[in-house]
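Since the structure comes first, as structure tokens, the remarks are kept for the end.
In what follows, chains carry the letters A, B, and so on, assigned in the order in which the sequence lines appear, proteins first and then strands, with residues in each chain numbered from 1.
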Protein chains: 2
Amino acid sequence: MMRFPTAWLQGISLGESIACELRLRIINGTIKPGEVLSENRIATDFGTSRSPVREAMKTLSNEGLIRLERMGAVVLGLSLQDIQELYDVRYLIESFAQQRMASGNHEHVIANLKQMIDKMELTVKYKDSVEFSYLDSCFHEAIIIAAKHKRILHLWNSIRHIVLTVMLITTDEIFLEGETKLNAVIEKHRRIVNGLESKNVKLIQQVVQEYFADSNITLRNSIS
Amino acid sequence: MMRFPTAWLQGISLGESIACELRLRIINGTIKPGEVLSENRIATDFGTSRSPVREAMKTLSNEGLIRLERMGAVVLGLSLQDIQELYDVRYLIESFAQQRMASGNHEHVIANLKQMIDKMELTVKYKDSVEFSYLDSCFHEAIIIAAKHKRILHLWNSIRHIVLTVMLITTDEIFLEGETKLNAVIEKHRRIVNGLESKNVKLIQQVVQEYFADSNITLRNSIS
DNA sequence: ACAAGTATACTTGTATACAAGTTACATTTC
DNA sequence: GAAATGTAACTTGTATACAAGTATACTTGT
């Protein structure tokens with residue numbers, strides 16, 4: 001049974017940490033779609049009052065993982081198709097961001113991205129899949145932040161917890177498959193950096209497209 | 001001083017209605033950026049307890065209208081540039097949705113859209129700007145729903161309240177400018193329907209692009 | 001006059017209490 | 001046996017209470 005990394009829970013409120021824990025359980029299937037969650041039940045399960053649970057429920061509802069109803073919140077879960085849809089949105093957001101990065105100087109950002117990729121290689125060496133997924137998330141977030149578009153960044157923030165959690169789960173599986181696959185993932189990130197460095201709009205477009213198309217394939221294989 | 005339509009507050013919780021009221025005040029500038037909101041103060045202002053206010057604050061924070069901090073929530077507001085960014089996102093979402101609608105049969109949806117446009121013309125006759133903005137929002141929502149993409153629909157839901165409120169304010173101003181402008185807005189919607197009916201991907205793409213480009217211009221003129 | 005420290009008032013996060021409404025089940029009635 | 005009714009348990013929405021932390025302002029010492 002997988003647990004949410006306690007390091008990621010530092011400095012956040014009870015409500016947020018309950019949201020993280022429930023989110024993980026919903027995405028990895030411990031809590032199944034159709035199940036009905038009661039604030040009281042969860043509160044007693046976590047040994048807290050309803051207040052933070054209520055906050056967590058609202059968060060998960062905003063993320064589309066559950067649907068709040070008059071009596072109880074029904075779990076919607078995250079099916080394979082849902083994850084593919086998530087990739088669709090990630091593609092929309094990131095291709096927009098990368099196109100925006102094409103104009104303007106972003107040497108420092110690119111330097112940052114390269115450093116992150118180097119760190120990724122280290123996590124492979126030390127078999128730290130948790131850190132890898134964190135870096136992966138940071139990599140894409142850095143690109144979106146660099147686009148300097150508040151609303152787009154906001155869109156990312158509205159899915160980043162889900163994306164991070166999905167990465168946490170899938171990265172763990174990829175680590176089990178050995179280094180070949182991991183190196184391929186890292187190489188994909190390098191290609192993105194190369195694209196950004198070229199400042200060639202067409203090339204960037206193509207690289208992003210390939211990135212998410214390939215991620216989709218990886219996803220399918222990982223499930224089947 | 002503009003008030004949030006009471007008809008739109010029916011059947012929703014106190015927390016949501018407080019969110020609607022605050023949202024309007026923030027967007028129309030009654031509450032100015034930089035201002036610090038305290039849960040207690042708002043609770044006494046609205047004559048309620050902190051619980052629903054807290055819920056409203058979380059909602060507004062999720063919408064990017066305020067930023068929750070240790071002491072008080074600072075108002076971020078919605079500048080002209082923010083609204084333009086909002087149009088960027090709307091364009092991304094709706095062009096995606098319309099492209100998706102290009103394939104497949106959507107006669108009933110298109111019939112619905114046409115009906116809405118007819119209703120819009122009625123609201124012009126009876127000078128009901130509130131209903132017009134509501135129909136405008138429903139029109140675009142119908143298209144997004146027709147795309148049958150949960151995540152994209154979710155993205156729309158995360159901005160729909162803001163969009164509706166912005167429409168409420170700007171539509172009110174357009175009504176003051178007379179029927180010529182209004183008929184132009186309605187005509188733009190007709191062009192969208194024509195695009196969808198053609199099922200021609202290129203044409204649809206062009207129509208959506210023109211729609212949001214023109215909306216941006218309208219916005220600029222409306223402010224200056 | 002100025003710096004340091006303390007007190008005070010206000011903030012959020014969490015817990016608990018209560019009210020109104022919904023669901024499910026048992027009981028009653030036909 | 002079946003339908004209707006009433007009741008009991010459980011649900012959320014809102015109000016209130018308390019604790020821990022923070023900023024402000026005042027006081028005190030130099």
* Nearest non-hydrogen partners of B/S129 and B/T171, listed with the distance ->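 It is O-CG2, 3.7 Å.
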
Closest to side chain of [X], choosing from [options]:
X: B/P52; options: C/dT12, D/dT11, D/dA15; answer: D/dA15
X: A/M71; options: C/dT11, C/dT22, C/dC18; answer: C/dT22
X: A/N40; options: C/dA17, D/dT11, D/dC18; answer: D/dT11
X: A/L14; options: C/dC18, D/dA15, C/dT14; answer: C/dT14
X: B/S38; options: C/dT11, D/dT11, D/dG13; answer: C/dT11

Looking at [X], does any N or O in its side chain come under 4.0 Å of the phosphate oxygens OP1/OP2 on [N]?
X: B/S49; N: D/dT14; answer: no
X: A/R54; N: D/dG13; answer: yes
X: A/S13; N: C/dG13; answer: no

Give the rounded distance in Å between these two atoms: [atom1] of [X] and [atom2] of [N].
X: B/I42; N: C/dT11; atom1: CD1; atom2: P; answer: 10 Å
X: A/E55; N: C/dG13; atom1: CD; atom2: P; answer: 7 Å
X: A/E69; N: C/dG21; atom1: CD; atom2: C1'; answer: 15 Å
X: B/R41; N: C/dC10; atom1: CZ; atom2: C1'; answer: 13 Å
X: B/R50; N: C/dG13; atom1: CZ; atom2: C1'; answer: 8 Å
X: A/R67; N: D/dT12; atom1: CZ; atom2: C1'; answer: 16 Å
X: B/I18; N: D/dT14; atom1: CD1; atom2: C1'; answer: 10 Å
X: A/M57; N: D/dT11; atom1: CE; atom2: P; answer: 10 Å

* Asked: Hey, is the main chain of A/S13 close enough, under 3.5 Å, to the side chain of A/E16 for a donor-acceptor pair?
  -> yes

* Asked: Taking for each residue the nucleotide of DNA chain C with the nearest heavy atom, is it B/A73 or A/T48 whose nucleotide lies nearer the 5' end?
  ->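 So the residue in question is B/A73.
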
* To do: With DNA chain C as reference, determine whether B/E39 or A/G47 sits nearer its 5' end, using the nearest nucleotide of each.
  =>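 That would be B/E39.
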
* Identified pairing partner of D/dT14, criterion: Watson-Crick or G-U wobble below 3.5 Å ->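 Pairing partner, where one exists within any strand: C/dA17.
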
* salt bridge (charged side-chain N to carboxylate O under 4.0 Å, His left out) involving B/R151 - partner list, sequence neighbours excluded -> none

* The single option from B/Q98, B/R90, B/K188, B/H189 passing side-chain hydrogen bond (donor to acceptor under 3.5 Å, both in side chains) against B/Y211 -> B/H189

* Look at all strands and tell whether A/S51 reaches a base, only sugar-phosphate, or nothing, counting heavy atoms closer than 4.0 Å. => base

* **Any donor-acceptor N/O pair under 3.5 Å between C/dG13 base and B/R70 side chain** =>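 No.
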
* To do: Before giving the answer on side chain to side chain donor-acceptor pair (under 3.5 Å), spell out for A/N28 and A/T30 the whole-Å C-alpha distance, their side-chain angles and the decisive distance to 0.1 Å.
  => CA-CA 6 Å; A/N28 78 10; A/T30 307; 2.6 Å; yes

* Asked: Going through the distances and angles, do B/L65 and B/L78 end up as a side-chain contact (heavy atoms from CB on, under 4.5 Å)?
  -> CA-CA 7 Å; B/L65 259 24; B/L78 204 68; 4.0 Å; yes

